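To keep things clear, I will list the structure first and then write my remarks on it.
It should be emphasised that the depicted structure is a prediction, and the values quoted were computed from it without experimental measurement. Numbered from 1 within each chain, the chains take letters A, B, ... in sequence-line order.
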Amino acid sequence: MLDLRVLRDAPDTVRHSQAARGEDASLVDVVIAADEARRAAISAYEALRAEQKALGKQVASAQGDEKQALLARTKDLSNQVKQAEGSAREAEEALTVVQLQLSNVVEPGAPVGAEEDFAVLEHIGTPRDFAAEGFEPRDHVDLGKLLGAIDVERGAKVSGARFFYLTGPGALLELALINVAVQQAVAAGFTPMVTPVLVKPPAMEGTGFLGQAAENVFHLEQDDFYLVGTSEVSLAAYHSDEILDVADLPLRYAGISTCFRREAGTYGKDTRGIIRVHQFDKIEMFSFCHPDDAVAEHQRLLAWEKQFLDQLELPYRVIDVATGDLGSSAARKYDIEAWIPTQGKYREVTSASNCTDFQARRLGVRMRDGDRTTPVATLNGTLVAIPRIIVAILENHQQADGSVRVPAPLQATLGTDVITPR
RNA sequence: GGAGGCGUCGCCUAGUCCGGUCGAUGGCGCCCGCCUGCUAAGCGGGUUGGGGUUUUAUAGCCCCUCGAGGGUUCAAAUCCCUCCGCCUCCGCCA
């Protein structure tokens, strides 16, 4: 949700942002008009209400005929107040409806354009040349089967398409990755958090997932719960309707949770393997920080993501996501894409977003800074999303005989430096 | 699932039976000032959050806010209804 003052004072900024996203710029004027209507309605209501209260005070002390006369007036006034109150509320709700449709203002510097117009910021590591090594790389599905690490057939049998079992070394791989990720996060000062995965509507709404992303959210009709697609939701809502002490910022949390995604509209996309699944585990970094510190914090999150990937010895690139491909909440987003040998391309494994004060305003997360309270900034970044990292590890570290080399930090939990075919 | 209790502006708390002077009490904490070799104590003042409006600004005025939402009434912290959360006991289950 955007600050109405920004809309009033600098509507062009918002119009340009909407245009850069490929969204409706004229919505700005709709919101401004709704805001004016709301303010007018509130003023009208408040004037009547003030009069009613003044008269009510006289009623309390009046006697006899005088009291009867006053009662006649206040009775009439009471109806007017009720009407005006209703109008004010309708105007307020009408404003909220349109206000929620506006996306966050994009950060200057973000590449303008559609999904494919991203900017590559850097390449780290070099993809292996399997032809030179003299063998054809297996994809992660074949490797997973060979190693007894991934079972997609039974995942489909039990739960349907886009479900899987991690078995044996696969399960250990997940535990190892979670251990290393959480330890890194704790060392960096994050508070590890195991979060709810079922949340009530305000949490989902507040984080911006019920807008254009709504079709990808699982909803439990009977109980009106949503299944989170990321612990970002539970973490962002953690401090909702709270006022934080500015001296305590930044507050950094590492969310440990399962994530659920409907993947609507992706039929035929990534149908093989575990690149795109309905349920997976993820460690997510989340920061509540001072808005002035948000851009720097964004860089820190990205640096922590790179630190994690570096120790897994995976080749990857960092991209600056184009304005047309940002979610509604993000002002800027950096994705890290790991090299997937059998696809011959880089695929997203982490994503770091600066949501500025957009989520915080919706969720009522504020900070007390001197004598004022203002929304904080929220940022989130993936530390590790299990399935895609496992895909990257298996495919990049495979050897000619189908075994897979285990990166050093994971060896302790795996109990070996190489996973061999069963 | 059953029975009961509770929810007041940071924390604790008065007020709710019997609606109007509650436009919310007091304490603690915190902030400012006075006093004071220093600190403490003492004294005085301030201290919920949101919104509207006027103004260059400071500041002021107004409305809302007693878990949330409805209702009754000229008028609701107070009466009625629904919901949410917490606590105690019982039952069932991991």
Side-chain angles (χ1 to χ4, degrees), chain A residues 1-10 31-100 194-206 219-226 233-234 237-249 251 258 288 291 357-376:
Chain A
M1 185 160 65
L2 296 180
D3 188 348
L4 289 170
R5 272 180 301 253
V6 170
L7 274 163
R8 279 178 228 153
D9 299 343
V31 175
I32 289 173
D35 178 41
E36 274 163 15
R38 161 186 151 266
R39 281 148 66 200
I42 286 175
S43 287
Y45 157 69
E46 287 185 353
L48 285 169
R49 177 63 179 155
E51 189 183 352
Q52 182 189 35
K53 287 179 70 171
L55 285 179
K57 207 173 157 190
Q58 293 177 39
V59 171
S61 54
Q63 300 288 328
D65 288 348
E66 190 191 354
K67 184 159 188 167
Q68 292 312 312
L70 280 169
L71 284 179
R73 282 177 61 194
T74 52
K75 202 152 196 160
D76 182 45
L77 195 54
S78 175
N79 287 324
Q80 292 181 44
V81 168
K82 277 200 176 94
Q83 275 196 354
E85 187 180 10
S87 304
R89 181 167 39 203
E90 281 170 25
E92 185 99 48
E93 285 168 358
L95 170 65
T96 304
V97 167
V98 288
Q99 197 182 359
L100 287 177
V194 176
T195 70
V197 294
L198 291 178
V199 299
K200 293 189 285 185
M204 202 50 94
E205 172 93 307
H219 181 224
L220 300 188
E221 194 77 36
Q222 193 173 355
D223 303 288
D224 203 15
F225 276 123
Y226 289 96
V233 175
S234 344
Y238 184 67
H239 286 302
S240 56
D241 296 320
E242 291 182 21
I243 299 175
L244 308 172
D245 189 335
V246 72
D248 294 336
L249 302 177
L251 285 170
T258 302
F288 296 91
D357 58 3
F358 188 83
Q359 288 180 329
R361 183 169 283 110
R362 288 184 175 196
L363 291 165
V365 188
R366 292 160 290 169
M367 59 180 185
R368 191 184 309 282
D369 189 7
D371 55 352
R372 309 184 327 138
T373 63
T374 53
V376 300

**Request:** Answer yes or no: are there more than 12 heavy-atom neighbours, outside Y226(A) itself, under 6.0 Å from its atom OH?
**Result:**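 Yes, OH of Y226(A) has more than 12 neighbouring heavy atoms, counting only those of other groups under 6.0 Å.
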**Asked** Counting only heavy atoms not in E242(A), do more than 12 sit closer than 6.0 Å to its CD atom?
**Response**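 Yes, because the 6.0 Å sphere around CD of E242(A) holds more than 12 heavy atoms from other groups.
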Nearest-angstrom distance, [atom1] atom, [N] to [M]:
N	M	atom1	answer
rG20(B)	rU36(B)	C1'	48 Å
rU8(B)	rC86(B)	P	15 Å
rU65(B)	rG70(B)	P	11 Å
rU25(B)	rG45(B)	P	14 Å
rC18(B)	rU78(B)	C1'	10 Å
rC93(B)	rC84(B)	C1'	24 Å
rA24(B)	rC62(B)	P	13 Å
rG19(B)	rU72(B)	C1'	11 Å

**Asked** Between R366(A) and Y45(A), which is nearer to the 5' end of RNA chain B once each is assigned its nearest nucleotide?
**Response**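 That would be R366(A).
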**Message:** Both A47(A) and A40(A) contact RNA chain B. Taking the nearest nucleotide for each, which residue is further toward the 5' end?
**Reply:**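 Taking each residue's closest nucleotide, the earlier one in sequence belongs to A40(A).
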Could you check how far [atom1] of [X] sits from [atom2] of [N], rounded to whole Å?
X	N	atom1	atom2	answer
R362(A)	rG50(B)	CZ	P	20 Å
D3(A)	rG50(B)	CG	P	13 Å
H239(A)	rG10(B)	NE2	C1'	16 Å
D35(A)	rG52(B)	CG	C1'	11 Å
N79(A)	rC74(B)	CG	P	9 Å

Does [N] have OP1 or OP2 sitting under 4.0 Å from an N or O in the side chain of [X]?
X	N	result
R38(A)	rG51(B)	no
S43(A)	rC62(B)	no
R49(A)	rC62(B)	no
Q52(A)	rC74(B)	no
R368(A)	rG10(B)	no
K53(A)	rC64(B)	yes

**Request:** Would you confirm whether S78(A), through its side chain, and T74(A), through its main-chain N or O, come within 3.5 Å as a donor-acceptor pair?
**Result:**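 Looks like no, no N/O pair under 3.5 Å.
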**Asked** Can you check whether M367(A)'s main-chain N or O pairs, donor with acceptor, with T373(A)'s side chain at less than 3.5 Å?
**Response**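 No, the answer is negative, given that no donor and acceptor are paired below the 3.5 Å cut-off.
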**Prompt:** What's the closest nucleotide to the T74(A) side chain, out of rG49(B), rG52(B), rC74(B)?
**Reply:**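 The answer is rC74(B), which lies nearest to the side chain.
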**Message:** Using a heavy-atom cut-off of 4.0 Å across all strands, would you classify L77(A) as base, sugar-phosphate, or nothing?
**Reply:**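 Result for L77(A) = nothing.
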**Message:** Does E51(A) form a side-chain contact (heavy atoms from CB on, under 4.5 Å) with L77(A)? I'd like the steps, not just the answer.
**Reply:** CA-CA 8 Å; E51(A) 189 183 352; L77(A) 195 54; 3.9 Å; yes
**Request:** Return the minimal non-hydrogen interatomic distance between M1(A) and L100(A), and the atom names on each side.
**Result:**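 Minimum heavy-atom contact is SD-CD2, 4.4 Å.
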**Item:** Counter-base of rG37(B), judged by Watson-Crick or G-U geometry with both distances under 3.5 Å
**Value:**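 Result: none.
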